[in-house]
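The block underneath contains the structure these notes are about, expressed in C-alpha cells.
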Amino acid sequence: QVQLVESGGGLVQAGGSLRLSCAASGSVFSINAMRWYRQTPGKQRELVADITSGGSTNYADSVKGRFTISRDNAKNTVYLQMNSLKPEDTAGYLCNADVASYSRIHFNYWGQGTQVTVSS
C-alpha cells in the first residue's frame, strides 16, 4: 500500500553536489522518522542521516557539515542535500521511513535505492 520512490542520484565530480529526494505514496496516513542509509558492496550498511516528524536531525560523523536532511510533510517527501562530495561518499543510497496507513499502524518501508558515484 505504501511505496517510497527515490530520485536524484548520479555521477558527479569530487567537490560537487547532489540532492536526493524520496517521496512516499499510496495509503499514507502519517510518517514518523525518515532516514537515509548507504550501502557499498563488501561493507556494512550505515545510517547517514535521519529526521523525526518534528524536524530533529542526526548525522553520521563522516557527513556532518556537508549533508543536510530535510522533509516536506505536505508532500510526504524527505531530501538529502549533499555538498562537498568525496569519492568515499560513493554508494547506493536507500530511503527508509516509518509509515502508517489508515489503520494507524506503522510499518517500516524501504526505497529501491539510488546510486551516487563521486569521481576523483
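For the atom pair I69 CD1 and S56 OG, the distance stands at 11.5 Å (nearest 0.5 Å). Here the OG atom belonging to S21 is positioned 9.5 Å from the CG atom belonging to L80, to the nearest 0.5 angstrom. Separating the OG1 atom in T57 from the CE atom in M34 is a distance of 14.5 Å, to the nearest 0.5 Å. Residue R45 holds its CZ atom at 8.0 Å from CG of N96, rounded to the nearest 0.5 Å. Separation of atoms OG (S70) and CD1 (I51) is listed at 6.0 Å; rounding is to 0.5 Å. Atom CG of residue L20 and atom SG of residue C95 lie 9.5 Å apart, to the nearest 0.5 angstrom.
Although no hydrogens or angles enter the test, the distance criterion places no donor-acceptor pair under 3.5 Å between the side chain of E46 and the main chain of R38. Remark: the backbone N or O of K75 is paired with a side-chain donor or acceptor of T77 at under 3.5 angstrom.
Enclosure of atom CD in Q115 by more than 12 non-hydrogen atoms of other residues, nucleotides or ligands within 6.0 angstrom is indicated. A 6.0 Å sphere centred on CD of Q112 holds no more than 12 heavy atoms belonging to other residues, nucleotides or ligands.
Side-chain contact between Q1 and F107 is absent, with no heavy atoms from C-beta onward closer than 4.5 Å. Two residues are said to be in side-chain contact when any heavy atoms from C-beta on lie closer than 4.5 Å; L18 and V116 meet this criterion. Looking only at side-chain heavy atoms (C-beta outward), T114 and S7 stay at 4.5 Å or farther from each other. Contact of the Y59 side chain with the T68 side chain is registered, since non-hydrogen atoms from C-beta on lie closer than 4.5 Å. Side-chain contact between H106 and S30: present, with at least one pair of heavy atoms (C-beta onward) separated by less than 4.5 Å. With a 4.5 Å cut-off on side-chain heavy atoms, M82 and Y93 count as touching. Put simply, the side chain of L47 reaches to within 4.5 Å of the side chain of R35, judged on heavy atoms. A 4.5 Å side-chain heavy-atom check between R66 and D89 finds at least one atom pair inside the cut-off.
The hydrophobic cluster containing V99 also contains I105, counting ILVMFWY residues as joined when their side-chain heavy atoms lie under 4.5 angstrom apart, directly or transitively. Y79 is not connected to I31 by any chain of hydrophobic side-chain contacts under 4.5 Å among Ile, Leu, Val, Met, Phe, Trp and Tyr, and they are in different clusters. In this structure, V48 is not a member of the same hydrophobic cluster as L94, with clusters built from ILVMFWY side-chain heavy atoms closer than 4.5 Å.
Side-chain N/O atoms of R71 and T52 include no donor and acceptor closer than 3.5 Å. The closest side-chain donor-acceptor pair between N83 and S17 falls under 3.5 angstrom.
Pairing each heavy atom of L4 with each of C22, the nearest pair is CB-SG, 3.8 Å.
Remark: aromatic rings of W110 and Y37 are close, center separation under 6.0 Å.
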